[in-house]
4 protein chains.
Amino acid sequence: MPKVFPEYREEAKNRIIKQSVKFFSEKGYYKTKMAEIAECLGVSKGAIYQYFKSKEELFLEVIKFYVEYTQKDLVAFLNSRPPKDISTDEFFDIMFNIEHSTSFENFKILDKLFPPLDFKLAMSELMTSNPLMKEEMTKYYKDSIKLMADYFENYKINGFIKKDIDSFSLSMGITSIQDGLMAAMQMGIEISEIRKSWKEITKMILKSTLVE
Amino acid sequence: MPKVFPEYREEAKNRIIKQSVKFFSEKGYYKTKMAEIAECLGVSKGAIYQYFKSKEELFLEVIKFYVEYTQKDLVAFLNSRPPKDISTDEFFDIMFNIEHSTSFENFKILDKLFPPLDFKLAMSELMTSNPLMKEEMTKYYKDSIKLMADYFENYKINGFIKKDIDSFSLSMGITSIQDGLMAAMQMGIEISEIRKSWKEITKMILKSTLVE
Amino acid sequence: MPKVFPEYREEAKNRIIKQSVKFFSEKGYYKTKMAEIAECLGVSKGAIYQYFKSKEELFLEVIKFYVEYTQKDLVAFLNSRPPKDISTDEFFDIMFNIEHSTSFENFKILDKLFPPLDFKLAMSELMTSNPLMKEEMTKYYKDSIKLMADYFENYKINGFIKKDIDSFSLSMGITSIQDGLMAAMQMGIEISEIRKSWKEITKMILKSTLVE
Amino acid sequence: MPKVFPEYREEAKNRIIKQSVKFFSEKGYYKTKMAEIAECLGVSKGAIYQYFKSKEELFLEVIKFYVEYTQKDLVAFLNSRPPKDISTDEFFDIMFNIEHSTSFENFKILDKLFPPLDFKLAMSELMTSNPLMKEEMTKYYKDSIKLMADYFENYKINGFIKKDIDSFSLSMGITSIQDGLMAAMQMGIEISEIRKSWKEITKMILKSTLVE
DNA sequence: CATGAATGAGTATTCATTCAT
DNA sequence: GATGAATGAATACTCATTCAT
C-alpha cells in the first residue's frame with residue numbers, strides 16, 4: 001500500500017506535481033485524468049485530493065512549478081555570459097528543451113522536450129472560467145518576461161545592447177517567437193525547419209540589438 | 001429560401017460554422033458544447049448533426065473556414081503593395097484582427113478579435129488522438145506559411161527583399177511572432193504592450209530583410 | 001424526384017415491404033434504420049410514413065409477408081409429392097432457402113438465404129412491448145405449423161404416414177429443428193455441418209414416421 | 001464484507017451479472033437499459049462501468065455466465081445415468097428450465113424459465129458488428145455441442161448408442177430442437193404443446209439411436 | 001403526394017470528487 | 001492518512017417521427 005511520503009507533506013506534493021507535469025504537458029488539461037496520474041504514481045485517487053483540493057488547483061501548482069524552474073534555468077544560463085557570446089544554437093536549445101538544465105536536479109523528470117504551448121492552451125481555457133487563475137497566470141507570464149527584460153537591461157548598462165532598445169518589448173518578442181515556433185512544431189513542422197527559422201530570426205534581431 | 005434548394009444546405013452549414021467559430025475560439029474545443037451552439041443558433045442539437053457528423057468534424061470545418069478566409073485576407077493585403085510600403089501598424093492590424101478584412105463580407109460575423117492560438121491549442125489536443133486531423137492541419141499550416149513565403153519570394157525578384165533571405169524561414173518567423181503574441185495577449189498582456197513589442201520586432205526584422 | 005408508384009398504393013406498399021424484408025432479416029429490427037430503407041428505395045423517409053404509420057407497423061407487415069409467402073411455398077412443394085418421395089436434401093433446401101420458390105415471382109427479391117431466426121428474435125423483442133403484435137405473431141406461427149400438420153394429416157389418410165403419429169407435434173418438431181439449425185448457422189457453424197445434422201435427424205424422424 | 005477485499009470486486013461483478021441476466025433474457029439486448037439495471041441493483045450507472053467497460057462487455061459476460069452454468073448442469077445430469085434411463089420428461093425439464101439445477105446454488109437467481117433463444121438473437125445482432133464477439137460466441141456454442149457429443153460418444157463405447165450414429169450431428173440436432181421449441185414458446189405456443197412435441201420427437205430420435 | 005430539415009426524447013458513457021472503511 | 005467503490009452531473013450522439021414547403 002504505497003504512500004506519498006507520509007512524513008513530508010511538501011515532498012509528497014512535489015512528487016505529484018512532477019508526475020502531473022508530464023501528463024498535462026503531453027496530453028493537455030482535459031485529456032489528463034486524475035486516475036491516470038494516481039495510477040502512474042502508484043497511489044490512489046483519493047491520495048491526490050489530500051494535497052490538492054481539485055484538478056484545477058493541481059494544474060495551477062504544476063504551472064507554477066514549471067514557470068519557476070524554467071525561469072531559474074533561463075536566468076542561470078543568461079547570466080553565465082554576455083549576449084554576444086550566446087550562440088543562437090545554444091539559445092535555441094535552452095529555449096526549446098531542457099538539456100541545459102542545471103539548476104535543479106529534480107528537473108530530470110522532464111526527460112523529454114517540454115511543450116509549454118500545451119500549457120498555455122490549457123491555461124487559457126481555464127482562465128476563462130477561473131478569474132483567479134487568470135490573475136495568477138498573468139502574473140507568472142509577466143514575471144517571466146520581466147526576468148529576461150532585466151537581463152537585457154543589465155547588458156544595456158554594460159554596453160552590449162543598444163541604449164534605445166526597449167528591453168521589455170525585446171523580451172516579449174523573443175518569448176513570442178519561442179511560443180510561436182512551439183506551435184509550429186506541434187503543427188507538424190520538422191525540427192530542422194524550426195531551428196533554421198529560429199536562427200534566421202534571432203540573427204536579425206541580434207543584429208539590430210547588439211552594439212557591434 | 002426554401003429548404004429543398006441545394007443552396008440551403010450550404011448556407012445552413014455556413015451559419016453553423018460561423019456560430020461555432022465564436023464558441024471554439026472563445027472557449028476552446030472542450031468547453032464548447034454542441035447544445036450551446038445549437039441553442040445560440042435557435043435550433044435543436046440534432047439539426048447540427050444533419051450537417052456535421054461529429055463535433056470533431058465541425059471543428060475541422062471551422063478551422064478550414066478560418067484559415068481560408070484569413071489567408072485570402074492576408075494575401076489580398078500583401079499583394080496590394082510592396083513590403084516597404086507596409087507600415088507595421090497596418091501589418092499588425094491585419095495580423096491581429098479582421099478590421100481590414102475586405103475580401104468577404106460574411107466575415108462580419110467575426111466581430112471580435114480572433115484568437116488563432118486557442119484554435120491551435122484545441123487542434124493540437126485533437127491531433128494527438130486523430131491522425132487524420134493531424135495530417136490535415138499540418139497541410140493547412142504549411143499552406144499558410146507558403147502563401148506568405150511566396151509573397152516574399154516575389155518581392156525578392158522585384159528587388160525589395162534581399163536575395164539571401166530564406167523566404168520560408170522569414171514567413172514562419174513572422175507567423176510565429178504573431179502566434180506568440182496572441183498567446184501573450186491571452187496571458188493578459190495589454191494590447192498596447194503587444195503592439196509595441198510587435199513594432200519593435202518587425203522593425204528589426206524588416207531592417208535586416210529589406211533592400212534599403 | 002422518385003415516387004413509390006403513385007398510382008397503386010398497394011404496389012407501393014409492397015415495394016417498401018420487399019426492400020424492408022432484406023434489411024430486417026439481415027440486420028435485425030433495431031439495427032435497421034428507416035432512413036436506410038428509404039435511401040435504398042430511392043425515396044424520402046416521409047414517403048414510407050405515407051404507407052406505414054410506424055416502424056413497428058412496417059415490421060409487422062414484413063413478417064406477415066414473409067410468413068405468407070413461405071407458407072405458400074412450402075405447401076406447394078409438399079403437395080407436389082408424397083413424403084416418401086421427398087429427399088432430405090430437397091427438404092433441407094426448401095426449409096433453409098428459397099431457391100425452390102415457385103409460387104410468387106416477386107419472391108425473387110429474396111435473392112439470398114433467408115434467416116427467419118433474426119425475425120423471430122426481433123419479433124420476440126417487440127412482442128414483449130406490443131401485445132397486439134404478440135397476438136398476431138402467435139396466430140401466424142400457429143397457422144404455419146398447422147399448414148404442415150395438415151399436410152401430414154393428409155398423408156396419414158393416404159397411408160404414407162403412421163396413424164399414431166401426432167401431426168401437429170411432428171410439424172412443430174420439424175419447424176423447431178429448422179429454427180434451431182438456423183440459430184446454429186448464425187452461431188457460426190458451417191453449412192455442411194448443418195446439412196449433415198439435418199439429414200441425420202430427419203432420417204431418424206422419417207424412419208419412425210413413415211409407413212415402410 | 002469490506003470493500004477493499006479483492007473478493008468484493010468479484011462478488012460485485014457477479015451481482016451485476018445475475019441482475020443483467022434477467023433483463024437481457026426478458027427484454028433482449030436493445031431494450032435493456034444500463035440505467036434500469038443500475039436502478040434495480042440500487043446503485044448508480046457509474047458503478048456498473050467500474051466493473052464492465054461497456055454494455056457489450058457486460059452482455060458478453062452474461063452470456064458466458066449462462067453458458068457455463070447451463071453446461072455444468074447439463075453434464076452433471078447426463079453423467080448421472082446412461083441414456084436409456086433418461087426419461088424424456090426429465091430431459092425436457094433439464095433442457096427447458098433450471099428446476100433440476102444441482103450444481104450451483106447461485107442459480108437460484110434464475111427464478112424463471114430461461115430463454116436462451118433471446119440470448120442467441122441478441123448475440124446474433126451483436127455478432128454482425130463485433131467480430132470478436134462472433135468468435136467468442138461461436139466458440140461457446142461449439143463447446144456446448146461438443147460437450148453433449150462427448151457424452152454420446154462415451155455411451156457408444158459402452159454399447160448404449162449405435163456405433164454408426166454421428167455423435168456431433170445428434171448433439172446438434174437435439175440442441176436445435178431445444179432452441180427451436182424455445183422459439184415456439186416465445187411465439188406463444190403453450191408449454192403443454194411444447195412438451196408433447198418434444199416427447200414425440202425425442203422418442204423417435206432415441207428409437208433410432210439407442211441399441212435396444 | 002413527396003420531400004428532407006428539424007425535432008427532442010432517449011442512451012451509453014465519462015470522470016472529478018466524495019466518503020465509509 | 002490512504003483506499004477505491006460509488007456517485008451523478010454532464011455530454012455527444014441517434015433516429016423515429018413530424019410538418020412546412
Side-chain angles (χ1 to χ4, degrees), chain A residues 1-7 9 12 30-39 42-56 58, chain B residues 1-6 8-9 12 30-38 41-56 58, chain C residues 1-7 9 12 30-39 42-56 58, chain D residues 1-6 8-9 12 30-38 41-56 58:
Chain A
M1 217 161 290
K3 296 189 178 183
V4 188
F5 272 57
E7 307 90 87
R9 211 163 194 287
Y30 289 103
K31 293 215 298 231
T32 296
K33 315 300 176 196
M34 295 301 269
E36 187 172 51
I37 295 171
E39 193 191 22
V43 144
S44 72
K45 276 172 293 171
I48 296 179
Y49 282 88
Q50 216 110 40
Y51 300 99
F52 306 92
K53 73 168 185 291
S54 70
K55 190 183 177 184
E56 275 198 14
L58 171 59
Chain B
M1 161 157 338
K3 292 179 181 177
V4 288
F5 278 54
Y8 179 81
R9 266 194 87 80
Y30 289 103
K31 291 218 302 236
T32 296
K33 312 302 175 193
M34 295 303 268
E36 188 172 50
I37 296 171
L41 237 32
V43 297
S44 68
K45 277 173 293 172
I48 297 179
Y49 283 91
Q50 205 127 39
Y51 300 98
F52 306 92
K53 72 170 183 294
S54 70
K55 191 181 174 184
E56 275 198 15
L58 171 59
Chain C
M1 216 161 292
K3 296 188 178 186
V4 189
F5 271 59
E7 306 89 88
R9 213 165 193 286
Y30 290 102
K31 293 215 297 230
T32 296
K33 315 299 176 197
M34 295 301 269
E36 188 172 49
I37 296 171
E39 193 192 20
V43 144
S44 73
K45 278 172 293 172
I48 297 180
Y49 282 89
Q50 216 109 40
Y51 300 100
F52 306 92
K53 74 167 184 292
S54 71
K55 191 183 177 183
E56 275 198 16
L58 171 59
Chain D
M1 164 159 336
K3 292 180 181 176
V4 289
F5 279 54
Y8 178 81
R9 265 195 88 82
Y30 290 103
K31 291 218 301 235
T32 296
K33 313 300 176 194
M34 296 302 268
E36 188 172 50
I37 296 171
L41 236 33
V43 297
S44 69
K45 278 173 293 172
I48 297 179
Y49 283 90
Q50 205 126 39
Y51 301 98
F52 306 92
K53 72 169 183 294
S54 69
K55 191 181 175 184
E56 274 198 15
L58 172 59

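In the text below, chain A, chain B and the rest are named by the order of the sequence lines, each starting its count at 1.
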Working to the nearest 0.5 angstrom, can you tell me the gap between C:Met34 CE and C:Lys45 NZ? 10.0 Å
Report the distance from atom CD1 of C:Ile37 to atom P of E:dA2, rounded to the nearest whole Å. 17 Å
Without decimals, in angstroms, what is the distance between B:Arg9 CZ and E:dT3 C1'? 13 Å
Of the options E:dA5, F:dA6, E:dT7, whose atoms approach the side-chain atoms of D:Ser44 most closely? F:dA6
Considering non-hydrogen atoms only, spot the tightest contact between A:Tyr30 and A:Lys55 and give its length. O-NZ, 4.0 Å
Return the set of residues passing salt bridge (charged side-chain N to carboxylate O under 4.0 Å, His left out) with D:Lys53 (not counting sequence neighbours), or none when no residue passes. D:Glu57
Rounded distance in Å between the C1' positions of E:dC1 and F:dT21: 13 Å
B:Tyr8 atom OH is separated from F:dA20 atom P, nearest whole Å, by 14 Å
All side chain to side chain contact (heavy atoms under 4.5 Å, CB included) counterparts of D:Tyr51, not counting sequence neighbours: D:Tyr8, D:Arg9, D:Ala12, D:Lys13, D:Ile16
Is there a side-chain polar atom (N or O) of D:Tyr51 under 4.0 Å from OP1 or OP2 of F:dG4? no
By salt bridge (charged side-chain N to carboxylate O under 4.0 Å, His left out) - contacts of D:Glu36 (at least two apart): D:Lys27
For a quick check of understanding: with a heavy-atom distance under 4.0 Å over all strands, which category does D:Phe52 fall into, base, sugar-phosphate or nothing? nothing
DNA chain F nearest-nucleotide lookup for A:Gln50 and D:Val43: closer to the 5′ end is A:Gln50
Residues two or more places apart in sequence or in another chain: which of them pass side chain to side chain contact (heavy atoms under 4.5 Å, CB included) with B:Ala47? B:Val43, B:Ser44
What integer distance in Å separates B:Lys31:NZ from F:dT11:P? 12 Å
Along nucleotides 10-15 of chain E, 5' to 3', which nucleotides get a B, which get an S, and which get a -, given that the test is a protein heavy-atom distance under 4.0 Å? BSSBBS
All stems that DNA chain F takes part in, i.e. 3 or more consecutive Watson-Crick or G-U pairs with distances under 3.5 Å, are E:2-21 with F:2-21
